[in-house]
Each structure stands twice: as structure tokens, then as C-alpha cells.
Amino acid sequence: GRRATAATVHDFFNVLAAVALLPIEVLFHPIERMAHIGEGLFEGVGGLKLASPLKLVTAPTVDAVVARIPHELPLVLLALVALFFALNQMMVVMRGVVLGRMEALFNRVLFRNAPAAFSLGVVSTAAVQSSSTTTSLIVPLAGTGVLTLDQVYPYTLGANVGTTITAILAAFSTGNPAAVTVAFAHLSFNILGIAIFYPLRAGPMWLARKVGEVAARSRKNSAGTVAIYVALHIIPILYVITR
């Protein structure tokens, strides 16, 4: 539990980046300026589309399930069950894989240093067009102790950038200047966030470690788990609603 919560460093990066950049954006508008510059560079670009291999594989099953379960609540519950089952199975599979020679591949090649981990996060997320998928893949690796928090952190930053590529391609497909501007605002936010919180990575990494310690103690104390959920999900949602 303590090691697997290394994945929460992604959440803490996003929260801290939003807290740091919001007042800067309100006062000086750097994200807005960067987004307009990006939109200007690609003005007139349209009609670009990129098929997601993940969606191509899952779409038939998803469509079939949705057709048979039209109500949202049962679908949400089924999705949560499927999510936890998939994560559990990934943990089992990854543990079997990394106990062999694949462990050297992760440590010596894919995650050998921060630039390599960051690049892997960008490329893999842009390829499958889902940062949730690529981030979830490292949870079993962190849980089995193959990857450390120092290796996970730059990978999640790369996943953040990779997911903006999906948004930019989707905006290009519309040919709408406003959509392209919004997509570049997403990219600008992540670039500025990385510029701040990679040098200051001790902050989100410390918070992730503390969450890991709470989670490890919370196996017999559900209050700790509830507190983590509230901190990472309920509070941000309430903040957005009340804005």
C-alpha cells in the first residue's frame, strides 16, 4: 500500500500546480498568452484525426454493455468493479513479469533516468490517448517495488504532457480556433507546472509519501482512507462547483 500510492504524486502535482498557477494567471495571464501564441502558429490547421488503439479495442465491448445497461448508476458501479479488477490483475501480471529479466528493462532502459521516464510518459500517453491508462500501468510496478517514487514522478509529468497532445489533435480535427486555444492552454498549464514543480519536486513527492504512510496504517482504520479520498477528490470538486 505504501509503495503503490506513489501514483498519487500525479494528483499532488496537479493540485499544487493549480494552486500555484491560478494567482499568477489571474495577475499576469501567462497561460492565456502562450495559448494564443500556439493557436496563432497553427491557425488554419484542421481535419487532423488520430484513432486511439485503446478505443478501437474497447469500443465494441463498451457499446454492447451500454446498450444493455441504459441507466447511469449501474454503469458507474460496473465500471468501478471492472477498474479494480483490472488493476488487481495488472498487479498479478506485472509481478510475474518483473520478477524475471523484465525488471532490468524497466530500471536500465525505460526508467533509467528522468528524461527517459518523462519521454516514455509522453509517448505512451500520446499513443493510447489516455493518461489514466498509462498512469495506472505504473501502479503495479510501484506496488511491487520495481519503480521508486523518483522514477514515477517524471513519468507522470510526461503523461500530463502526452494527454495534452490528444486534446490538441482533437482541437485540430474541429478546425475551431477557440478549441485550439483551449487545447494549447492545457499544454501551457502543464509546461509551466513542470517548470515550477520539477525543481520543487520535493513538495508533491513528500505529500505522496505521507499519503502512502497513511494508507499503510489505514488498512485497519477506514478514516484515513476517507480522508485521502476527500482531500484528493471531494475538496477539488466542491471548489470547482462553488466558483
Side-chain angles (χ1 to χ4, degrees), residues 1-39 114-115 117-118 121-122 125 130-136 138-139 142 147-168 171 178-179 181-218 223-243:
R2 181 181 290 109
R3 290 194 299 253
T5 53
T8 61
V9 75
H10 192 188
D11 300 296
F12 284 118
F13 166 78
N14 288 330
V15 171
L16 291 175
V19 170
L21 289 173
L22 179 59
I24 296 174
E25 178 62 22
V26 170
L27 293 173
F28 304 107
H29 313 292
I31 295 175
E32 179 183 350
R33 296 175 190 274
M34 293 172 67
H36 282 297
I37 290 173
E39 189 275 329
F118 179 85
V122 173
T125 303
S130 173
S131 61
S132 299
T133 300
T134 53
T135 303
S136 297
I138 64 171
V139 175
L147 296 179
T148 65
L149 185 58
D150 292 312
Q151 293 172 305
V152 167
Y153 187 59
Y155 174 87
T156 59
L157 300 186
N160 266 15
V161 173
T163 198
T164 66
I165 295 175
T166 302
I168 291 172
T181 302
V182 171
F184 275 106
H186 187 194
L187 175 61
S188 301
F189 169 82
N190 281 290
I191 290 174
L192 292 176
I194 291 170
I196 296 172
F197 285 104
Y198 186 74
L200 300 178
R201 57 190 175 275
M205 291 172 68
W206 179 83
L207 290 170
R209 289 191 178 98
K210 288 300 178 182
V211 167
E213 294 173 5
V214 172
R217 294 195 300 266
S218 297
T225 302
V226 172
I228 293 172
Y229 185 85
V230 169
L232 292 180
H233 299 283
I234 303 300
I235 292 177
I237 290 173
L238 290 176
Y239 175 78
V240 172
I241 293 175
T242 56
R243 286 289 293 173

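Note that the structure is predicted; figures quoted are calculated from it, not measured.
- Atom-to-atom distance recorded for I31:CD1 and L192:CG is 5.5 Å, nearest 0.5 angstrom.
- Taking CG from D150 and CZ from R201, the interatomic distance works out to 8.0 Å, rounded to the nearest 0.5 Å.
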Requested in this report: Any chance you could lay out the side-chain contact (heavy atoms from CB on, under 4.5 Å) test for N160 and N14, step after step, and finish with the verdict?
Outcome: CA-CA 9 Å; N160 266 15; N14 288 330; 2.9 Å; yes
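- Separation of atoms CG (L149) and CE (M205) is listed at 4.0 Å; rounding is to 0.5 Å.
- The backbone N or O of E32 lies less than 3.5 Å from a partner atom in the side chain of E25, making a donor-acceptor pair.
- With hydrogens and angles ignored, the 3.5 Å screen pairs a side-chain donor or acceptor of R33 with a backbone N or O of F28.
- Here NE2 of H29 is found 15.0 Å from CE of M34. Values are rounded to the nearest 0.5 Å.
- Counting heavy atoms from C-beta outward, V9 and L207 have side chains that stay 4.5 Å or more apart.
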Report task. Carefully, step by step, assess T125 and T134 under the rule side chain to side chain donor-acceptor pair (under 3.5 Å). Result -> CA-CA 6 Å; T125 303; T134 53; 2.8 Å; yes
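- No donor-acceptor distance shorter than 3.5 angstrom exists from the side chain of T163 to the backbone of A159, with no hydrogens or angles considered.
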Query raised in the report: Do I191 and L187 pass the side-chain contact (heavy atoms from CB on, under 4.5 Å) test, and can you show the C-alpha distance, the side-chain angles, and the key distance before you say yes or no?
Result: CA-CA 6 Å; I191 290 174; L187 175 61; 3.8 Å; yes
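- Of all the heavy atoms in A17 and G193, the pair that sits closest is CB-CA, 4.2 Å.
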Report task. Let me see the working for F184 and I37 under side-chain contact (heavy atoms from CB on, under 4.5 Å), right down to the final yes or no. Result -> CA-CA 9 Å; F184 275 106; I37 290 173; over 6 Å; no
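- Nearest heavy-atom pair, P154 versus A114, reported as atom, atom and distance to 0.1 Å: CB-O, 3.7 Å.
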Requested in this report: Go through the steps to decide whether V152 and H10 satisfy the test side-chain contact (heavy atoms from CB on, under 4.5 Å), and finish with yes or no.
Outcome: CA-CA 9 Å; V152 167; H10 192 188; over 6 Å; no
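- One distance of note links CZ of F12 with OG1 of T156; it measures 12.5 Å at 0.5 Å rounding.
- Rounding to the nearest 0.5 Å places CG of L157 at 5.0 Å from CD1 of I194.
- Below 30°, between 30° and 60°, or above 60°: for F13 and Y153 the angle between ring planes is above 60°, a perpendicular geometry.
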